[in-house]
Amino acid sequence: MVTRISDSRPAIDLRAAQSIVTSFSGACGVDCYLISMSGETIVSSLCQGGCSCCRVKSDKPKECDKVRIYGAYQAERFGGRYIYYCPHGFAWCSCPIVIGGQVVASLACGPALIMELED
């Protein structure tokens, strides 16, 4: 199924997106989200309504949503990738999805361990 996120942006194939997000998540062992540039979760790999860290901490997942949007725009700004920390101090990475020269969505993946486990 191909869907248009908004009238001005090209369409995304949701079946392919779900397959890619699920495969990436399974290969890396981290949550992966495909989000619109307005912050709406289009496809999620492991959970809905917030990452697994937020669910464990029972915090406000809306704060994480805002940071994912920020990461998406920074990834676009800095040439296709951006590593950032969520409000809980976990590392996430973001990259834009470009179709027809236009950013239509963004991938947000994390939390990732970027230092030794003992640290």
Apply side chain to side chain contact (heavy atoms under 4.5 Å, CB included) to Ala75 and list each qualifying residue two or more places apart in sequence or on a separate chain.
Tyr82, Ser94, Pro96
Could you tell me if the side chain of Trp92 sits less than 4.5 Å from the side chain of Pro111, heavy atoms only?
yes
Would you compute the distance between atom SG of Cys93 and atom CD1 of Ile83 and round it to the nearest 0.5 angstrom?
6.5 Å
Sorted by chain and number, sequence neighbours left out, side chain to side chain contact (heavy atoms under 4.5 Å, CB included) with Ala112 holds for none
Between CD1 on residue Ile97 and CG on residue Leu107, distance to nearest 0.5 Å:
4.0 Å
Residue list, side chain to side chain contact (heavy atoms under 4.5 Å, CB included) with Phe24, at least two apart or on another chain
Cys28, Val30, Cys32, Cys109
Compare every heavy atom of Ser44 with every heavy atom of Tyr33, then report the nearest pair and how far apart it is.
CE2-OG, 3.3 Å
In Å, rounded to the nearest 0.5 Å, how long is the span from SG of Cys95 to CD of Glu76?
12.0 Å
Has Thr41 got a side-chain atom pairing as donor or acceptor with Ile35's backbone, closer than 3.5 angstrom?
no
Partner of Val43 under side-chain contact (heavy atoms from CB on, under 4.5 Å), chosen from Ile20, Ile12, Val21, Thr22:
Val21
In terms of side-chain heavy atoms, does Gln74 have a donor or acceptor partner in Arg77 at a distance below 3.5 Å?
yes
Note: Ser36 and Ile42 closest approach over all heavy atoms is N-CD1, 3.5 Å
Any donor-acceptor pair under 3.5 Å linking the side chain of Tyr73 with the backbone of Met37?
yes
CZ (Phe78) with more than 12 external heavy atoms under 6.0 Å:
yes
Holding to side-chain hydrogen bond (donor to acceptor under 3.5 Å, both in side chains), I want the full list of residues that pass it with Ser23, two or more places apart in sequence or in another chain.
none
